[in-house]
Amino acid sequence: MLELTDLRAGYDRTPVLHGVTVSVPKDGVATVLGHNGAGKSTLLRTAMGLIRPKGGTILLDGEDITRLAPHQRVARGMAYVPQGQQSFPHLTTAENLQLVADGRADGKEATAEALDLFPVLRELSGRRAGLLSGGQRQQLAIARALVTRPRLLLLDEPTEGIQPSVVAEIEETVLELARRGGLSVLLVEQHVGFAMRAADRYYVLEAGRVTSSGEGGTGSEQTVRAALSV
Ligand SMILES: Nc1ncnc2c1ncn2[C@@H]1O[C@H](COP(=O)(O)OP(=O)(O)O)[C@@H](O)[C@H]1O
Ligand SMILES: [Mg+2]
C-alpha cells in the first residue's frame with residue numbers, strides 16, 4: 001500500500017533519517033517504535049510530504065508520490081494525525097469536524113460515521129476543543145482525519161500523554177478501524193503492548209535507522225522490548 005524506500009530526510013542541515021525502508025501492507029497496520037528523537041515523527045512528516053526527502057522514494061499503491069504536495073496526498077486518500085492532539089482550540093468539537101467536512105460531497109455521512117466511533121464527541125459537540133481532555137482531543141483529531149475517508153491513516157503517538165483509561169479506548173478504536181478493512185495504518189506508538197497487538201509488521205527506529213523489524217503480534221513483543229532496551 002505504502003512503500004517508503006531508503007528515505008533520507010531531515011531539517012536544514014540536520015539529517016535525521018539515514019535510509020529508512022518501511023512498508024505498510026494493504027488493509028494492514030505497520031507500527032514504528034523507538035525512543036524519543038529516533039526520527040519517528042520525521043518519518044511520518046516525510047511520508048505526508050511535509051518534509052521533502054533528500055533521497056529515497058515513496059510509493060502509494062505503486063504510484064510514485066515522492067514529489068507530491070501534502071494536499072495531493074490527501075486527495076489520494078492519505079490522512080495524517082500529528083503528535084499532540086492538535087485541533088483548533090477556540091472552535092467547538094462540531095466546528096472542528098465541520099471544517100473538514102465542508103466542501104466534501106460525503107461530508108455529513110463521513111462525519112456521522114466518525115462520530116459513531118467516538119460517541120463521546122457527540123455529547124461534547126458544543127464544547128471548545130481547547131477545553132476537552134487530552135484523550136477527547138485525541139479522539140477529535142482522529143475523527144477529523146476520518147472525515148476525509150482515508151485509505152491510509154498516519155497516526156503519530158495517539159496515546160501519548162493520555163490517562164490510562166482512555167489509552168485503552170483509543171487502542172480499541174484503532175484496532176477496530178484496522179479490522180474493518182479498506183484502511184491501512186502507519187502507527188507510531190511507544191506503548192509496546194498496543195503497538196504489537198495492532199501491528200501486522202513492526203519497525204524499531206533508532207537514530208534514523210531501522211534496527212529491527214518483523215511480523216507483528218504479541219509473539220514478537222519480547223524481541224521488540226529487547227531491541228528498545230539497548
Ligand atoms: N522542526 C525541527 N527542526 C529541527 N530539528 C528537528 C525538528 N523536529 C525534530 N527535530 C530533530 O530531529 C530528530 C528526530 O525528531 P523526531 O522525528 O521528532 O523524533 P521522534 O518522533 O522519534 O521523537 C531529533 O533530533 C529532533 O531534535
Ligand atoms: Mg515524535
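One-based numbering, in listed order, for ligands and for the atoms of each. Keep in mind it's a predicted model, so treat the numbers as computed, not measured.
Each of the following atoms of ligand 1 lies closer than 4.0 Å to a heavy atom of H35: 22 (O). Interface of V16 with ligand 1, defined as ligand atoms under 4.0 Å from a residue heavy atom, comprises 12 (O), 13 (C), 14 (C). Atom numbering of ligand 1 starts at 1 in the shown order; those under 4.0 Å from a heavy atom of N36 are 23 (O).
To the nearest 10 degrees, the angle centred on the Mg ion (ligand 2) between OG in S41 and OE1 in Q83 reads 80°.
Scanning the protein for heavy atoms near atom 19 (O) of ligand 1, the closest one is G39 N, 3.2 Å. The protein heavy atom nearest to atom 18 (O) of ligand 1 is S41 CB, 3.7 Å. For atom 24 (C) of ligand 1, the nearest protein heavy atom (residue, atom name, distance) is G37 O, 4.0 Å. Among all protein heavy atoms, the one lying closest to atom 11 (C) of ligand 1 is Y11 CE1, 4.1 Å.
The local environment of NZ in K108 is sparse, with at most 12 non-hydrogen atoms from other residues, nucleotides or ligands closer than 6.0 Å.
For the pair R8 and P15, the minimum side-chain heavy-atom distance is 4.5 Å or more. With contacts defined as side-chain heavy-atom distances shorter than 4.5 Å, the pair L43/V16 does not qualify.
Put simply, atom 27 (O) of ligand 1 has no protein non-hydrogen atoms near it, under 4.0 Å away.
None of V22, T42, L33, V210 except one satisfies the side-chain contact (heavy atoms from CB on, under 4.5 Å) rule with L205; the exception is V210.
In T42, the parts holding a heavy atom less than 4.0 Å from any atom of ligand 1 are both the side chain and the backbone.
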